[in-house]
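Notes to accompany the following structure.
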Amino acid sequence: MISCTAQKDLNASGGGIQLRLNFEIPKGTLVTLYGQSGAGKTSTLRMLAGLMTPDAGIIRVGDKIWFDAAQKINVKPQQRRIGFVFQDYALFPNMTVQQNLEYGSGRRADRQLVHTLIEMVGLRGLEKRLPSTLSGGQQQRVALARALVQKPEILLLDEPLSALDSAIRAKLQEDILRVHREFGLTTILISHDLGEIYRLSDRVMHMEAGRVVKETAADALFSDRQISGKFKFTGEVVRIEAADILFIVHVRIQNQVVKVISRASEIEGLALGDTVLVASKAFNPVLYKLG
Amino acid sequence: MSWDPLLLTLKLALVTTVILFLLAIPLAYWLAYSRARLKPIVETLVSMPLVLPPTVLGFYFLVAFSPRNAFGGFLESQLGLELIFSFPGLVLASVLYSLPFMVHPIQAGLSSLSPSLREASYLMGNSRFRTLRRILLPNIRPALLTGIVLSFAHTVGEFGVVLMIGGNIPGRTRVASIAIYDEVEALNYGAANVYSAILFIATFLILLLVYLVNGGYLKRFWR
Amino acid sequence: MNRLEGHIGAIRTSQQISLVTTVLDAGHEIQAVVIETPETAPYLKNGDRAAVLFKETEVLLYLPGTTQISEPNQIPAEVDKLEAGTLFTWVGLRTPIGDLGAIIPADSVALLGLVPGKKVVACVKTTEVMLSGE
C-alpha cells in the first residue's frame with residue numbers, strides 16, 4: 001500500500017500549480033495517472049521517487065515512512081528501491097546494454113537477474129550494443145529491464161511508450177503487464193493513450209490542476225461510459241473499406257484484427273490509428289472448443 | 001637563447017591545468033546543479049578573468065601577498081609561503097586567471113546532460129560521487145578535453161599577471177611570453193622570433209587537436 | 001446505430017440476467033436483456049436516465065397485421081427514404097419515437113413493396129438492444 005498526502009507549490013512557466021495530493025494505492029495494483037499536461041502527473045511520480053521534495057505531507061509505503069515533513073524524514077531516492085522508466089529512457093550513453101543493467105545491480109552485479117531480464121524483454125544478442133545503436137522500441141525495453149534490476153516493489157512509468165509507433169507499443173504493453181505480474185509490482189503509469197490505459201490498468205486516477213479529482217475503473221474512460229454490451233474491446237482502426245452501402249472497419253485488438261460493419265454516418269471523423277471501443281451484446285457470439 | 005623559459009612555461013601550464021581540473025569539477029558541478037542564491041555571485045567571480053585586465057588581477061595579487069602586508073607576511077612567516085616573484089605564486093595566479101576556461105566548458109557539459117541520467121543513477125542506488133564518476137564525467141568527455149586544452153593554452157599565453165607578480169627571474173618566473181618581451185626590449189629579434197614561432201606552432205597544434213577530436217574526425221582514437 | 005433516449009421503467013432480474021424496460025421520452029417502451037443486475041451495474045436504477053442502442057442491421061421490418069411475433073419491441077413506422085445497394089438496402093423510418101434506420105436485404109424491398117409512405121412495423125430483438133447510462 002502506498003499512501004500519499006503531499007503538498008507542493010510549483011512555479012512552472014505560464015503560471016505555477018499547487019499540488020494537493022491525497023491518495024492510496026493498494027499493493028500489487030497497476031494504476032494510471034490520467035490528465036492534461038501540467039496537471040502534476042510527472043511531479044507526483046517524482047515526489048514518490050524522492051526526486052522532488054514536497055513542501056508538506058507524508059508518504060508511506062507499507063509500514064515504512066519515506067517522507068514526513070513534520071518529522072523531517074526524507075528517505076533518499078537511492079534507498080527507496082523504485083524502478084523508474086523515464087520518458088526519455090535515460091539510458092547511459094557510455095555503457096552497453098548489459099553495463100546499463102549491471103550498473104544498477106550494485107557492487108556484486110546480480111548476473112543471473114540481469115541475464116533473466118535481458119531474456120525476458122527480448123534483448124538477447126544486443127547485450128554488447130550501445131544504446132545509441134538501438135531502435136526506440138529496443139531502448140524502451142532496456143529502460144524497462146534496467147528499472148527492474150534493483151528488484152523494486154514499485155515501478156513508476158512516465159509515458160513510457162509515447163514515442164513509439166502503435167505495433168511496437170502493443171508488444172511493449174504486454175511486456176509491462178507481464179513484469180508487473182511476475183514481479184508482483186505496484187505500478188503507476190502515466191499515459192494519454194486510452195487503449196493503453198484500458199489494456200494495462202486496474203484503476204485510473206484522474207488529475208486536474210494538481211489534484212486527483214476522481215478515481216475510476218479503466219473502462220469508465222470510454223465514450224458512452226457505461227454501455228451494457230458484454231463484448232467490449234479497445235482496438236485501433238487499421239483499415240476502412242467500402243462494401244455495398246456500408247463500410248467495413250478493420251480494428252486491431254491486441255494482435256488480432258476484427259471487422260465491424262458500419263454506416264457512413266457512424267464512421268464520420270474516424271481515422272486510421274484511432275482508438276475505438278468495439279462493443280456487442282453477449283448473445284451473438286458462439287463458442288467453439290479448440291483442440 | 002635558452003630553453004629554460006619554454007620548459008618553465010610547459011611546467012607552469014601542466015601544473016596549472018592539473019590543479020584547475022581537480023578544482024573545476026566540483027565547482028562546475030555546483031554551478032551546474034545548485035539553486036543557491038549565492039550562485040550568480042560565484043558565477044560572476046569565475047567569469048571575471050575573462051574581462052578584467054590581467055594587470056588588475058596582478059596588482060591585487062601583489063598587494064595581497066606582499067610580505068610587507070599583513071596577509072602576505074603571515075603566509076611567509078608562519079607557512080614559509082613566498083608567493084611574490086616565485087613559481088608557486090605564478091601557479092596560484094594562473095589558476096585564478098584561467099579558471100573560467102576550465103569551469104565554463106565543464107559546467108556547460110554538465111548542464112547539457114539530461115537530468116534524468118543523474119536521477120536514473122540515484123534511483124538505481126548510486127551515490128552522487130559514483131554518479132559523477134561513472135555517468136556524468138564519461139558523458140562529457142569532449143567538454144573535459146576542451147577545458148583542459150583551453151586552460152593549458154591560455155596559461156601558456158598569459159603575460160600580464162605573470163609579469164606583475166612573477167617578475168622576470170630566469171629559471172624561476174621567466175616564462176616564454178616574458179622572455180619574448182625581454183628579447184624584444186634588448187632588440188634581440190632573432191631569439192624573440194624563435195620563442196614566438198614555437199609558441200605559435202604549439203598553440204596552433206593544441207587547438208587543432210581539440211577541434212579534430214571534438215568534431216569527431218579522430219573518433220577512432222577517442223572512445 | 002439507432003439511439004433513443006428515455007428512462008428506466010422496470011427491471012426484472014433472474015440471477016445474473018435482467019430484462020430492462022426503458023420508457024422512451026416519446027412514450028414508447030423498449031425492452032433489453034442484459035447480463036447485469038442493479039447490483040453490478042450502477043446505471044440500472046428505476047427512473048434513471050438511459051439510452052437504448054441497437055444496430056440498424058438488427059432491425060427487421062414487417063407489414064402491419066402480422067401480430068404473432070415473439071419479440072415485444074414492435075414500433076409502428078412509415079418508410080421515409082430508401083438507399084438501395086446491391087445486397088442491402090437502408091430504409092429510413094419515421095416513427096412516433098423518432099427516426100430509425102434499418103438495413104435489410106435488398107430483395108425484401110420488392111417483396112414487401114416498400115416505397116416512401118408505406119406503413120410497416122420495425123422490430124428489434126431484446127437480446128440485440130444495448131443500454132447506455134448517462
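Basis for what follows: all heavy atoms, side chains included, without hydrogens, waters or symmetry-related copies. Only a predicted model underlies this, so the values are computations on that prediction, with no experimental measurement involved. Chain naming here is simple, since letters A, B, ... match the order of the sequence lines and numbering starts at 1 in each.
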Next item on the list: Test side chain to side chain contact (heavy atoms under 4.5 Å, CB included) on B:Ile135 and A:Tyr103 and set out the steps.
Entry: CA-CA 10 Å; B:Ile135 305 295; A:Tyr103 175 69; 3.4 Å; yes
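- With rounding to the nearest 0.5 angstrom, the CE atom of B:Met124 is 14.0 Å from the CD1 atom of A:Ile82.
- Annotation for A:Met52: atom CE counts as buried by contact number, over 12 foreign heavy atoms lying within 6.0 Å.
- Atom CD of A:Glu127 has more than 12 heavy atoms from other residues, nucleotides or ligands within 6.0 Å.
- For A:Arg20, the CZ atom sits in a packed shell: over 12 heavy atoms of surrounding residues, nucleotides or ligands are nearer than 6.0 Å.
- Looking at B:Arg134, both its backbone and its side chain come within 4.5 Å of chain A, counting heavy atoms on both sides.
- Of the atoms belonging to A:Asp88, it is side-chain heavy atoms, and not backbone ones, that fall under 4.5 Å from chain B.
- Under a cut-off of 6.0 angstrom, the local environment of CZ in A:Arg129 is crowded, with over 12 non-hydrogen atoms contributed by other residues, nucleotides or ligands.
- Heavy atoms of other residues, nucleotides or ligands lying less than 6.0 angstrom from CZ of A:Arg178 number more than 12.
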Next item on the list: Start with the C-alpha gap between A:Phe86 and B:Glu119, add the side-chain angles, then the distance that decides, and say whether side chain to side chain contact (heavy atoms under 4.5 Å, CB included) holds.
Entry: CA-CA 9 Å; A:Phe86 290 85; B:Glu119 292 168 350; 3.4 Å; yes
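- Between A:Arg146 and B:Ala120, the shortest heavy-atom contact is NH2-CB, 3.5 Å.
- For a residue to count as touching a neighbouring chain, one of its non-hydrogen atoms must lie under 4.5 Å from one of that chain's; by this rule A:Phe92 touches chain B with backbone and side chain alike.
- Sparse packing is recorded around CZ of B:Phe59, with 12 or fewer heavy atoms of other residues, nucleotides or ligands lying under 6.0 Å away.
- The candidate from B:Pro115, B:Ser127, B:Ser121, B:Pro138 with the greatest count of non-hydrogen atom pairs under 4.5 Å with chain A is B:Ser121.
- At a cut-off of 3.5 Å, with distance as the only test, no side-chain donor of B:Ser116 or A:Tyr89 sits close to an acceptor on the other residue.
- For B:Tyr181, the OH atom counts as loosely surrounded, since its 6.0 Å shell holds 12 or fewer non-hydrogen atoms of other residues, nucleotides or ligands.
- Note that the CG atom of B:Leu123 and the NZ atom of A:Lys76 stand 13.5 Å from one another [nearest 0.5 Å].
- From A:Gln87, atom CD reaches atom OG of B:Ser114 across 10.5 Å, with rounding to the nearest 0.5 Å.
- Within a 6.0 Å radius of CD in A:Gln36, no more than 12 heavy atoms belonging to other residues, nucleotides or ligands are found.
- Neither the backbone nor the side chain of A:Arg81 has a heavy atom closer than 4.5 Å to any heavy atom of chain B.
- Closest approach of B:Leu117 to A:Ala90, counting heavy atoms only: CD2-O, 3.6 Å.
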